[in-house]
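Data first, discussion second: the structure below is written as structure tokens.
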Amino acid sequence: MSDSRPGLARHYLRYSTANLLVMMAGLVSFPLLTRLLDNTQYGILGYYETWVLMAVAVAKLGAQHSIQRFYPHGGDEDRMRSFATNLFYLPMLGSLVLWALVGAAVIVHGYVTGEGHSPVFWMALVMTPMLVYSSLVETVLRVTEQSRMVMFTRVASRWLQLALMLGAVLVVQHTASAAYGGKLLAVVIGMAFYFGWARRNLHFARRTMNPAEIRQSVAYGMPLVATEILAVALVSVDRIMLKNLSGDFAVVGIYSVGAALAMQVHMFMNLTVFESFTPAANRVFTTEGADAVRALKRTMLMPMTYAAIGVAILLWTLGTDLIIALSGAGKAQSGPVFELMGAMNAILPVMLVCGFGLVLERRTKTVMALMCVAVAVNTLLNLWWIPEYGVMGAAYATLVSSTVSSIAACVLVAPELRQFPDRRTLVTVAFATVAALLGEWLTLQLSLRPGWQRMLVGGMLIGGPYLLVLLALDARLRAMLYPKLRAMERRVGQGVAG
């Protein structure tokens, strides 16, 4: 495996590019599939997609978390074989056994009762172990910081899936079965690639089988499986309770539009950051210790804090305009939901980086407990605030529950792993925030038309002063950006000359 380790900025750029291109595939597939499939067929597709996601999360048996935490950075050949055997191949074997038992139970149940299943169900069942295998290989690629390969495989897989699904629907039949057949073929092709990579890089050796290492992996990973399921519940509970307490799907729709757009902020400001940061943090903790993790956090937190606060301010002040620009004035009611949840999703990753370390300490049960607390707080506040504040009550509940969980992680993590932004960063961002708010005040005075006009002009009046104050007050940021701007200038000059 490659020892080349690009910096965190390069990893972040690659993962954010990959996620953007994957999102673009979704933007292409959604309008096309909703037109090619009727509501029933599209509902079937979405129904089985949800169950496959849950099945894959359980069937991985927490192995992806153990791979990430216990990868033997700097290990010799025997240690690498032991890792591949105990943390990759044997968990995969356990997943296959579980899958076979479930499949056999389904077949026996169908035979006894005479109840059949749709072709989509059987394709989903066949697809599940292949998705588990592909996910585990991708985890190894991420933990070894091969972000270039992850980027290419993720994007290629998603666009291949899009092409085959649309092709099957257009050529074969306008049904969920045809669409899922195309997806199954894409998964088979992707797994074949991953299988070839694993054969070259992950080697099984029976002599290295270690029951103690397997037990350690299960004890570490299974609480995180429960955490993933709880995270799905945390995302879903707002919509369920809005429907039950209001009795109106329209209210759920208002919330869902804002929350769905805020989830895109989460993808870039949270998932992409941690795809870059977590493998590096595991590596330096294993090879250099807690002080190196805190140094890594300090390196990240200065630019990350500036970016997170800036994005949060823009979303808080212009979120409704973005909703109007993208979805029309009819969706303006979703604007306040997006403003609150988008700003929250921008800032929370900073708090999560500050308190990151519980998984390094192998305190996965504590991580699970924190997620349980978040779900409980969210549920109780929804019961109180939805009747009082309507759709915004659900948004307030999400904000408070997520904040409580993040602060608790900062409190509970070992002090030697806890790291906050330095005082200079906090003072600088405070001055920059004041400049941005003055820009917001000026934007309000101009009485601009909601939507594109206010978003573009307001974005410049708010974001421009914010960035200028940061650059004026923090020489570290100037020193970080200047070489990159010079390199970009040279590339542009070479392109023009060529």
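Only a predicted model underlies this, so the values are computations on that prediction, with no experimental measurement involved.
- In terms of modelled atom types and a separation under 3.5 Å, the side chain of Arg298 and the main chain of Gln419 share no donor-acceptor contact.
- You'll find the side chain of Thr144 reaches within 4.5 Å of the side chain of Tyr71, heavy atoms only.
- Smallest separation of non-hydrogen atoms from Phe356 and Ala281: CE2-CB, 3.8 Å.
- Taking 4.5 Å as the limit, every side-chain heavy atom of Lys183 sits out of range of all side-chain heavy atoms of Leu164.
- Within 6.0 Å of NE2 on His117 lie more than 12 heavy atoms contributed by other residues, nucleotides or ligands.
- Taking 4.5 Å as the limit, some side-chain heavy atom of Met130 sits within range of a side-chain heavy atom of Val188.
- Looking at heavy atoms from C-beta onward, Arg207 lies in side-chain contact with Arg81 at the 4.5 angstrom threshold.
- Using modelled atom types, one side-chain atom of Trp159 and one backbone atom of Leu21 make a donor-acceptor pair closer than 3.5 Å.
- Under the 3.5 Å distance criterion, the side-chain polar atoms of Thr153 are matched with a main-chain donor or acceptor of Val150.
- Across Val22 and Arg158, no two heavy atoms sit closer than the pair CG1-CG, 4.0 Å.
- Donor-acceptor pairing under 3.5 Å is lacking for the side chains of Thr425 and Thr305.
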task: Walk me through it: do Ser82 and Glu213 pass the test side-chain hydrogen bond (donor to acceptor under 3.5 Å, both in side chains)?
output: CA-CA 9 Å; Ser82 176; Glu213 191 169 1; 3.1 Å; yes

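- Summarising the geometry of Gly62 relative to Met222, their closest heavy-atom pair is N-SD, 4.3 Å, with the distance given to 0.1 Å.
- With contacts defined as side-chain heavy-atom distances shorter than 4.5 Å, the pair Val120/Thr175 does not qualify.
- To the nearest 0.5 Å, atom CG of residue Leu184 and atom CE of residue Met191 are 10.5 Å apart.
- Residues Met80 and Pro72 have side chains in contact (heavy-atom distance under 4.5 Å, counting atoms from C-beta outward).
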field: Criterion side chain to side chain contact (heavy atoms under 4.5 Å, CB included) on Val353 and Met304, from CA distance to verdict
entry: CA-CA 10 Å; Val353 168; Met304 189 177 178; 3.7 Å; yes

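- Arg294 contributes a side-chain N or O that, together with a main-chain N or O of Arg418, makes up a donor-acceptor pair within less than 3.5 Å.
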task: Verify side chain to side chain contact (heavy atoms under 4.5 Å, CB included) between Leu358 and Thr364, making sure each step is shown before the conclusion.
output: CA-CA 7 Å; Leu358 291 173; Thr364 53; over 6 Å; no

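- Annotation: the span from Leu131 atom CG to Met127 atom CE amounts to 6.0 Å, rounded to 0.5 Å.
- Checking Ser95 against Lys60 by side-chain atom types alone, no donor-acceptor pair falls below 3.5 Å.
- The structure places CG of Leu352 at 7.5 Å from OG of Ser405, a figure rounded to the nearest 0.5 Å.
- The shortest non-hydrogen separation linking Ala346 to Ala308 is O-CB, 3.2 Å.
- For the pair Ser157 (side chain) and Arg154 (backbone), a donor-acceptor distance under 3.5 Å is absent.
- Between the side chain of Ser401 and the main chain of Thr398, a donor-acceptor pair closer than 3.5 Å is present.
- Taken from CG in Leu360 to CD in Gln68, the straight-line distance is 9.5 Å, to the nearest 0.5 Å.
- The shortest distance between side-chain heavy atoms of Leu141 and Tyr194 falls below 4.5 Å.
- With hydrogens and angles disregarded, a donor-acceptor distance shorter than 3.5 Å links the side chain of Asn201 to the backbone of Trp197.
- Of the candidates Ile189, Leu185, Val187, Leu160 forms a side-chain contact (heavy atoms from CB on, under 4.5 Å) with just one, namely Ile189.
- Within the 3.5 Å criterion, the main-chain N or O of Asp474 finds no donor-acceptor partner in the side chain of Thr428.
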- request: Under the ring pair (Phe, Tyr, Trp, His ring centres under 6.0 Å) rule, what do Phe204 and Phe88 come out as? Steps first, then yes or no, please.
  value: CA-CA 9 Å; Phe204 180 87; Phe88 182 84; over 10 Å; no

- prompt: Which is it for Tyr220 and Phe70 under the ring pair (Phe, Tyr, Trp, His ring centres under 6.0 Å) test, yes or no, and what are the steps along the way?
  reply: CA-CA 10 Å; Tyr220 177 86; Phe70 299 118; 5.1 Å; yes

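- One N or O on the side chain of Asn345 and one on the backbone of Ala262 form a donor-acceptor pair closer than 3.5 Å.
- Between Phe338 and Val265 the shortest side-chain heavy-atom distance falls below 4.5 Å.
- Ring planes of Phe195 and Tyr133: tilted class, angle from 30 to 60°.
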- prompt: Yes or no on side chain to side chain contact (heavy atoms under 4.5 Å, CB included) for Leu412 and Arg363, after CA distance, side-chain angles and deciding distance?
  reply: CA-CA 10 Å; Leu412 293 174; Arg363 294 165 63 187; 4.0 Å; yes

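- When the shell of 6.0 Å around CZ of Arg148 is examined, it contains 12 or fewer heavy atoms from other residues, nucleotides or ligands.
- The shortest non-hydrogen separation linking Leu315 to Ala343 is CD1-N, 4.1 Å.
- Leu136 approaches Ala63 most closely through the heavy-atom pair CD2-CB, 3.9 Å.
- Considering OG of Ser134 and CD of Glu138, their distance stands at 8.5 Å, rounded to 0.5 Å.
- We find the CG-CD1 distance between Leu202 and Ile67 to be 8.0 Å, quoted to the nearest 0.5 Å.
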- request: Assess whether side chain to side chain contact (heavy atoms under 4.5 Å, CB included) is satisfied between Val400 and Asn378, documenting all intermediate values.
  value: CA-CA 8 Å; Val400 173; Asn378 190 285; over 6 Å; no

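- Of the possible donor and acceptor atoms, none in the side chain of Arg424 sits under 3.5 Å from a partner among the backbone N and O of Met302.
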